[in-house]
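In what follows, chains carry the letters A, B, and so on, assigned in the order in which the sequence lines appear, proteins first and then strands, with residues in each chain numbered from 1.
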Amino acid sequence: MTTVEHNRSLFGNLAGALAQLRAPGEGSSLLVAILLGVTLLMSAANLLLPAESPLYVSTYTITLMGKYLCFAMLAMAVDIVWGYCGILSLGHGAFFALGGYGMGMYLMRQIGDRGVYGNPDLPDFMVFLNWQELPWYWQGMDQFWFALLMALLVPGLLAFVFGWLAFRSRVTGVYLSIMTQALTYALMLAFFRNEMGFGGNNGLTDFKDMLGFDLQADGTRVALLMATALLLALTFVASRAIVQSRLGRVVVAIRDAEPRARFLGYRTEGYKVWLFVYSALVAAVAGMLYVPQVGIINPGEFSPLNSIEVVVWVAVGGRGTLYGAIVGALLVNYAKTRFTAVMPDGWLFALGTLFVVVTVLLPKGLAGLLQRGRTTDAETRGENNTGEVSAGDAPAEPITGEARA
Amino acid sequence: MNVTAQARELLRRDTTWPFLVPRQRAVDVSHQVILYVEGLSVSFDGFKALNDLNLYVNDGELRCLIGANGAGKTTLMDVITGKTRCDSGSAWFGRNIDLLAHDEAAIAQLGIGRKFQKPTVFEAHTVYTNLELSLKGSKGAWSALTAALTGEQRDRIDRVLETIGLVNARYQLAGALSHGQKQWLEIGMLLAAEPRLLLIDEPVAGMTAEEAERTAELLTSLAGEHTVIVVEHDMEFVRSIARTVTVLHQGAVLAEGTMDQVQNNPDVIEVYLGEDA
Amino acid sequence: ADTIKVGVLHSLSGTMAISETTLKDTVLMMVDEQNRKGGLLGKKLEAVVVDPASDWPLFAEKTRELLTKEKVDVIFGCWTSVSRKSVLPVIEELNGLMFYPVQYEGEESSKNVFYTGASPNQQAIPAVDYLMNDLEVERWVLAGTDYVYPRTTNKILEAYLEAKGVDKKDIMVNYTPFGHSDWQSIVADIKKFGGAGKKTAVVSTINGDANVPFYKELANQGVSAEDIPVVAFSVGEEELSGIDTRPLVGHLAAWNYFQGVDSEANERFIQEWKKFTGDEKRVTNDPMEATYIGFNMWAKAVEKAETTDVDAVEQAMIGIEFPNLSGGVAKMNKNHHLSKPVFIGEIQDDGQFEVVWETDGLVAGDAWSDFLPGSKDLIADWTAPIKCGNYNTKAKACGGQGQ
Amino acid sequence: MKHLLLTGCLLLALVTTLPAASAGSVVSEQAAPSATPASEEPGGNRQVLLARLTRASLRESAEVLDQLERSGGRAMRGLFAAMLAGDLYYHRETGRLMAVQKNPAGERIGSDIFTGEGLGVQSRGSIKKVRVNNRLRSHLRDAIARIDLMHGTEAQKEGAVLAILDDLSPQNMRLLQVTADAGQSDRVSELIELARAMVELRDSSVTDARLSAIAVMSGRLEAPVRNQLQRLLDDERESDRKIRIAAQQSLEEIEGRIAFYDFMEQLFFGLSLGSVLLLAAIGLAITFGVMGVINMAHGEMIMLGAYTTYVVQQLMPGAIEYSLVVAVPAAFLVSGSVGVLIERGVIRHLQGRPLETLLATFGISLILQQAVRTIFSPLNMPVVTPGWMSGVFAINPVFSVTFNRLYILLFALAVFALLLVTLKKTSLGLNVRAVSQNRDMAKAMGVRTEMVDAMTFGLGSGIAGVAGVALSQLTNVGPNLGQSYIIDSFMVVVFGGVGNLLGTLVGGFSLGVTNKFLEPATGAVLANIIVLVCLILFIQKRPKGLFPQRGRAAE
Amino acid sequence: MIRIEKLNQKYGGTQILWDLDLDVEKGSCTCIMGRNGAGKTTLLKCLMGLLPASDGRILFGGKPIEGRAAQARAHLGIGYVPQGRDIFPLLTVEENLQIGLPARKDKARRIPQRIFELFPVLKDMLHRRGGDLSGGQQQQLAIGRALVIDPKVLILDEPNEGIQPNIVRQIGDVIRMLNEEDGLTVILVEQKLGFARRVGREFRLMQKGRIVAADQMAKLDDGLIRQYLAV
Ligand SMILES: Nc1ncnc2c1ncn2[C@@H]1O[C@H](COP(=O)(O)OP(=O)(O)OP(=O)(O)O)[C@@H](O)[C@H]1O
Ligand SMILES: Nc1ncnc2c1ncn2[C@@H]1O[C@H](COP(=O)(O)OP(=O)(O)OP(=O)(O)O)[C@@H](O)[C@H]1O
Ligand SMILES: NC(N)=O
Ligand SMILES: [Mg+2]
Ligand SMILES: [Mg+2]
């Protein structure tokens with residue numbers, strides 16, 4: 001079996017398994033199990049089998065998988081706020097990228113004097129811009145724990161401040177969406193500026209190693225993939241716990257009738273802020289894992305279109321179901337990988353058509369398809385109520401109220 | 001105050017930081033009055049919806065509020081519950097709590113519950129969850145994360161379900177209820193919350209006479225322990241529950257008294273009841 | 001394998017498609033031609049085209065795909081510096097071979113990359129010399145898009161100009177974001193700056209999409225080439241094909257190749273290109289020539305090495321000469337950069353350039369600029385005994401500063 | 001600036017021209033016989049020169065041109081103008097010079113350079129262009145300016161004198177003297193007066209005379225005046241305190257005026273940027289603002305409009321001047337029809353799911369972009385600016401307004417007004433709003449909702465297409481055109497208040513003006529960032545935009 | 001005038017209306033009653049075309065209309081006053097009324113004066129947003145709006161919900177007048193017995209998606225009420 005076929009069957013299996021979900025609770029643990037299982041198998045196949053073996057999984061596939069899983073985590077982060085709380089964030093890429101930059105700064109410092117100019121203190125881009133010393137905000141980033149902390153703290157704090165301002169002032173609906181977009185757009189412009197000290201357009205790249213392990217070694221890549229899978233599983237389980245807790249139910253209530261929730265005594269802005277911060281943190285973790293695996297972080301990650309794409313993954317997968325977001329991200333990105341290689345001139349037609357078709361034919365995304373396969377009557381609409389994570393069938397469209405009322 | 005002074009103030013050992021002082025204060029009803037509304041005025045784009053309105057409601061009372069469409073009844077509730085800011089006047093909950101200084105959530109936590117004129121329930125949740133979310137208790141995000149229903153709470157929900165006649169619909173999504181069922185559910189949510197003061201806007205609209213009767217019984221039984229303010233246009237219903245009736249007209253109180261007094265008030269007849277009601 | 005695989009890594013969608021698609025077509029044309037000549041080492045060439053979609057991480061991923069999945073023998077690709085930077089670690093890790101055909105900021109030399117576009121000393125410095133000596137320019141506007149290529153080029157130029165005695169006051173530097181489209185204020189500022197009674201010129205490192213609105217604004221505000229000439233390093237025939245050039249006649253560009261260069265090889269190349277694209281109006285440009293040279297040098301090197309093995313080809317490449325399209329011969333130097341002639345052209349009303357100046361001989365591309373403090377002591381030399389991309393001539397060691 | 005180069009060469013030319021003939025009189029003498037045909041001029045010398053012109057290298061050409069000017073004077077203007085415009089060709093075999101222009105059919109039509117006599121269609125291979133470069137062009141311009149100073153129109157004379165202000169050499173002053181003696185209009189005389197004052201200030205040693213010279217110069221906005229005063233103040237040798245003070249005052253006055261015009265200029269830039277934002281957003285204000293469709297394909301509708309402009313220009317190469325007039329309705333139809341198709345084909349199925357429209361229209365936008373790449377190539381398409389839209393409207397030497405921006409500003413306002421009237425005065429406007437507020441109820445009231453949806457989406461898309469026509473005059477017409485405006489458009493609509501057209505207008509202009517007033521202080525990038533941050537903070541204050549929808553229902 | 005045969009309706013999987021038959025004569029005033037959730041609103045929506053019927057026939061003036069869209073039914077002359085009023089909240093009162101004008105047979109361009117005679121309040125409120133009106137005012141507007149299309153049949157879904165007593169009377173009078181003087185066919189869903197008795201001339205009782213009793217209003221006795229309307 002070639003890698004392509006392997007890939008294909010891999011996804012076939014995944015989709016098949018998902019389609020067979022019997023009950024939602026089981027489904028979720030099944031998802032985690034598949035996720036970890038597949039990752040483990042792939043890792044073993046990569047490390048233990050010789051490259052000639054038909055079952056060998058190439059490092060390319062490993063890194064690709066790692067990237068997909070990061071995207072899946074990001075999609076899940078968006079789904080938490082969008083699907084469950086009706087906060088359509090068109091700027092989650094910002095948190096992802098900030099997390100990524102945090103990790104990128106650490107990796108950059110790890111290069112040490114192995115850069116092209118051999119400067120032990122300054123990253124290359126600072127050398128050729130004639131910077132004399134490390135800016136204050138780069139201090140301490142050579143410590144892994146500190147970088148990690150910052151990579152969480154900064155996006156978390158940004159989400160907190162932004163959320164606190166916006167939710168307290170009751171900015172909702174499209175107004176909120178466009179503001180998140182403005183946020184990421186402003187950050188993109190700022191990071192493009194070379195004066196910012198983050199490498200401008202070129203961003204941070206040419207990483208060498210992480211915690212002393214060579215980033216180009218297969219072992220490190222596999223470890224990163226496993227870490228990603230593990231963290232995805234972890235955040236998935238945590239997120240599921242959250243959305244299934246009363247907090248999750250309050251959040252859905254807020255999505256559908258925020259004033260009502262307030263009159264019941266819920267300080268809705270508080271809920272929204274915390275959920276937003278949590279989601280931003282998940283996005284940041286995804287970003288942190290993403291950077292060492294793809295090897296570059298640049299302001300393009302802040303681009304509003306990137307964030308919109310994430311929303312599209314979620315919508316394709318099925319808004320309001322956590323596994324839907326994951327499946328959507330995996331599917332769309334896999335499609336992108338295949339299409340760009342198989343039909344480089346026309347892949348946008350294919351992808352565009354996919355989006356249109358999914359929207360028109362699968363109102364609840366792929367998750368809706370899976371659910372439909374699960375429930376006995378096929379043409380059911382709006383009565384899916386078996387609890388779990390299926391908050392997607394909300395009759396009320398949060399944005400409608402804004403745009404239409 | 002300059003920054004250092006502020007900092008020093010914050011660091012004083014003998015004080016508790018203001019934001020740590022529990023906000024919840026028990027309502028002081030030592031004068032028997034639970035709601036004081038004085039000189040309240042609200043206007044929208046120059047239109048006076050409330051005009052120097054005064055209203056006092058005793059603790060444990062069941063008060064009916066009637067008045068023409070557009071008289072300002074709903075607006076009054078909006079002000080009391082913090083939804084609408086008023087131009088002038090004051091609204092106190094008991095003697096000690098200034099309602100105008102609190103927001104909706106705080107007011108709800110103080111023990112003021114409300115049923116809207118147009119039934120609003122959480123449509124994506126089941127009837128049961130709707131009630132669960134309405135239960136009295138901590139409404140903070142952190143506690144919600146770990147919250148689980150106690151047996152007592154379950155019982156309470158079951159009882160409420162029974163009262164509102166939705167036992168069989170407990171696992172239905174609230175969005176799929178009929179209009180009248182939503183009305184009931186919203187009343188149920190109020191019951192679950194056990195507020196001190198209930199503001200109920202048109203509870204029997206869309207209910208059959210029989211159901212209205214049941215609602216009347218329910219509200220009457222609530223009074224005493226709770227204070228209830230009901231807005232309703234169904235005179236039969238009002239008659240069946242009313243002790244004191246306040247009539248609003250053009251944003252101000254037109255008349256107040258027993259049902260009989262009010263019913264025979266010529267002004268009320270003219271602007272509200274009509275000749276032969 | 002029974003074919004030799006040629007990877008093509010140019011964006012066919014997204015913001016860079018506008019420039020890069022042409023290069024993909026150029027490579028395809030070269031592959032065709034080579035196959036008509038019988039291929040290489042008795043094997044046919046097979047192009048493997050992927051679309052990295054102007055997405056930088058995707059460039060890295062696609063490189064990995066080309067090298068490990070498709071097992072290509074060589075890659076022609078990238079345009080922006082950031083895409084190259086993204087690809088670099090992967091191509092080095094997997095010991096691939098890439099040809100990079102676009103003018104760039106220098107400050108780099110990788111064993112696995114051959115740079116067939118211009119480095120700053122093959123474009124910017126000659127252009128400034130021309131302005132200074134022939135047009136007697138005394139005041140300078142350095143306008144660029146805010147990214148590494150313009151930043152570096154402008155840094156080099158500032159140092160260069162100051163070394164030539166230009167006062168700091170007479171240099172205005174301006175950066176704009178990618179795709180900047182509202183040039184009113186900046187053009188007005190340039191006009192004001194130029195109104196101080198000294199001959200002024202604009203050195204433009206404005207990138208891609210921002211150029212059209214920039215030139216349109218220049219034309220509309222009546223800044224003509226005789227008043228304030230603009231010399232650009234990123235504007236070629238292809239960019240001009242998207243603008244009505246009549247109001248821009250006389251503005252300048254510096255390249256190593258213009259379509260208007262009179263030579264037999266060029267004539268043939270242009271004909272072939274028009275035939276290949278089936279479009280009589282299609283133009284050629286400098287990065288295409290760079291691709292052309294790179295491809296042919298690679299073919300020559302493969303034949304010389306008699307294998308497509310990267311290490312062998314890499315060594316064989318050094319010193320290879322191949323006729324360029326402007327009538328001379330390009331040579332691959334030890335630092336993986338080319339020696340090429342430099343031309344200055346004036347924009348004509350038909351969207352072509354008229355060559356008004358050219359260097360006497362070939363200019364060897366510098367990997368490291370002589371005008372930047374961090375790199376003036378560095379050289380790249382991939383032949384024994386140095387064999388590295390950043391050899392410090394002072395410290396006599398590889399690895400930048402040397403220890 | 002232009003003057004510098006021009007005068008540099010002017011000087012060069014004068015050095016060669018004037019000494020040859022005793023200054024002044026010759027110039028006007030030469031003018032007289034110029035009506036006679038070129039061939040009658042003394043000596044076949046000119047024919048030789050003209051023949052040399054076709055063969056000369058770019059360096060030699062300058063010399064040939066000087067000689068031609070000396071011998072032919074005014075008669076040479078046509079030749080020079082043709083050469084300057086790049087229209088001068090010669091016949092490969094006969095060597096005959098001619099002006100060649102393409103007619104609408106693309107044929108090259110030659111005409112005699114001196115008589116204008118038609119020489120018929122020239123085949124491409126038979127003629128060759130006379131080469132010209134920047135240096136020659138400025139040479140030609142100067143020569144033309146010299147001819148114009150004597151014989152030109154008022155405007156040409158004015159331009160010629162203005163050019164001389166940059167280089168007040170004795171020769172030039174003599175030339176001015178001759179011009180002045182011939183009697184000139186007030187404006188030209190005034191400028192000559194100014195030139196004299198500048199010379200006076202520079203050369204005289206009499207304080208009073210210099211003071212009155214400064215008085216003349218005071219308040220003038222011409223750059224040379226400012227430069228001279230500045231130089232004077234910078235010059236330490238200038239020790240006359242009175243002069244220094246007067247010059248200082250004068251300069252301050254000038255700078256005060258300039259500051260005012262700078263302000264006006266920035267205001268105009270801001271309004272102009274605002275009009276672009278408005279145009280880009282206005283269609284979205286309908287499809288998104290009124291209908292509630294999160295229309296990610298809006299940018300591509302703009303793009304289609306811009307491509308329509310390109311196609312229209314390709315279809316009517318002979319009538320570029322009118323192309324935009326045709327392009328506006330054409331773009332409306334093209335984008336509008338695509339909009340209707342999208343609505344009927346996709347959006348219709350998403351009723352009640354407005355969020356999903358984001359996904360579908362995103363897909364559509366990808367498809368449209370790639371479609372354009374496939375059909376037109378990924379390259380930018382050239383769109384020509386018609387003559388009436390080119391150039392500047394110069395209010396004074398420091399403040400001018402470009403015609404294209406001015407027209408686009410007016411156009412944006414006109415489109416806005418038209419749209420407002422459409423929505424206010426026709427039943428469509430009412431029906432759209434009803435449908436968007438309560439579709440079922442609108443149906444029950446007999447409103448043909450499908451029709452209304454299609455028409456509205458078509459209208460919004462059509463307007464976007466019209467915006468594309470305007471934008472094609474300012475920016476790239478390429479596959480990425482739409483992407484560059486979509487973010488801004490959403491920003492403007494939301495800032496103004498969703499569903500409020502007036503908000504879009506005010507929003508567009510205020511964002512534009514703020515941006516342009518920030519830009520000089522902060523640079524383009526930072527200005528943009530600051531505007532975005534302000535926007536975010538503003539929305540905290542007004543969570544429903546500038547003009548929120550009010551009333552109970554909006555809560 | 002209107003005849004419904006074997007109408008079935010499902011929301012997703014749950015069937016709401018079961019083989020429902022209903023016959024409304026021209027010029028009659030029929031009052032449909034039933035408990036909450038009996039399916040009254042669903043029935044009216046099917047009749048109006050706002051919900052697709054799963055199967056069954058709907059005849060209007062003898063012609064089948066079950067396949068026609070709601071807007072077509074409005075043009076045929078069915079006026080609808082929905083439960084909850086459904087005023088266009090951001091349109092002014094005037095605009096709310098104007099919406100229906102194109103559906104009139106006579107193509108009048110102005111709001112008929114008659115509306116303001118029936119509901120004088122609306123005249124004073126002409127330029128206020130519909131959503132700002134109080135409930136009672138909105139209800140009057142909703143009826144007025146339905147009358148603008150000059151309907152042959154007027155469908156009202158609980159028109160008295162939340163209306164002050166004197167206006168309830170007034171609305172009752174208006175309905176009666178429209179029915180008696182103008183010969184308008186009226187279908188009325190009503191819970192309040194008093195009002196139903198006063199206005200309706202016939203009644204239909206619904207239970208669980210079926211019509212379970214039909215007769216003249218006078219015949220509505222306590223037995224029926226206890227059986228079908230009591231809780
Ligand atoms: N947000 C608002 N904007 C404008 N006017 C408003 C707003 N809210 C209420 N009003 C007006 O204030 C008046 C009082 O309305 P309110 O809803 O309080 O009446 P009500 O007594 O509850 O009537 P009903 O019995 O019909 O419910 C009405 O005329 C209404 O139009
Ligand atoms: N959107 C919906 N989805 C699923 N079920 C629904 C929906 N709307 C109504 N139902 C169900 O249909 C049944 C009939 O509803 P309907 O609104 O027709 O009742 P009704 O007779 O008008 O009651 P009411 O007197 O309360 O207005 C109810 O049991 C309700 O739960
Ligand atoms: N290398 C460049 N032009 O980006
Ligand atoms: Mg009310
Ligand atoms: Mg009903």
Under 4.5 Å from a heavy atom of chain A, the part of [X] involved:
X	result
K85(C)	both
L12(C)	side chain
S86(C)	both
R64(C)	both
Y175(C)	neither
P177(C)	side chain

Legend entry - Member of Y100(C), F114(C), Y104(C) meeting the ring-ring contact (aromatic ring centres under 6.0 Å, His included) criterion with H337(C): Y104(C)
Legend entry - Heavy-atom proximity to chain C below 4.5 Å, by part of K67(A): side chain
Inset, instruction - Sort L305(A) into side chain, backbone, both or neither according to what part of it lies under 4.5 angstrom from a heavy atom of chain C. - result: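 Contact with chain C involves no heavy atom of L305(A) at all.
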Inset, instruction - May I ask you to say whether E93(C) pairs ionically with R221(A), meaning some side-chain N is under 4.0 Å from a carboxylate O? - result: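 Looking at R221(A) together with E93(C), the answer is yes, because their closest N to O distance falls below 4.0 Å.
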Inset, instruction - May I ask you to say whether E105(C) pairs ionically with K155(C), meaning some side-chain N is under 4.0 Å from a carboxylate O? - result: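 Here E105(C) does not pair with K155(C) in a salt bridge, since their nearest N and O are not under 4.0 Å apart.
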Inset, instruction - Please find out if less than 6.0 Å separates the ring center of Y115(C) from that of H336(C). - result: no
Legend entry - Aromatic plane relationship, H92(A) with F95(A) - under 30° parallel, 30 to 60° tilted, over 60° perpendicular: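 Judged by the thresholds at 30° and 60°, the geometry between F95(A) and H92(A) is perpendicular.
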Legend entry - OH on Y334(A) to CZ on F339(A), rounded to 0.5 Å: 10.0 Å
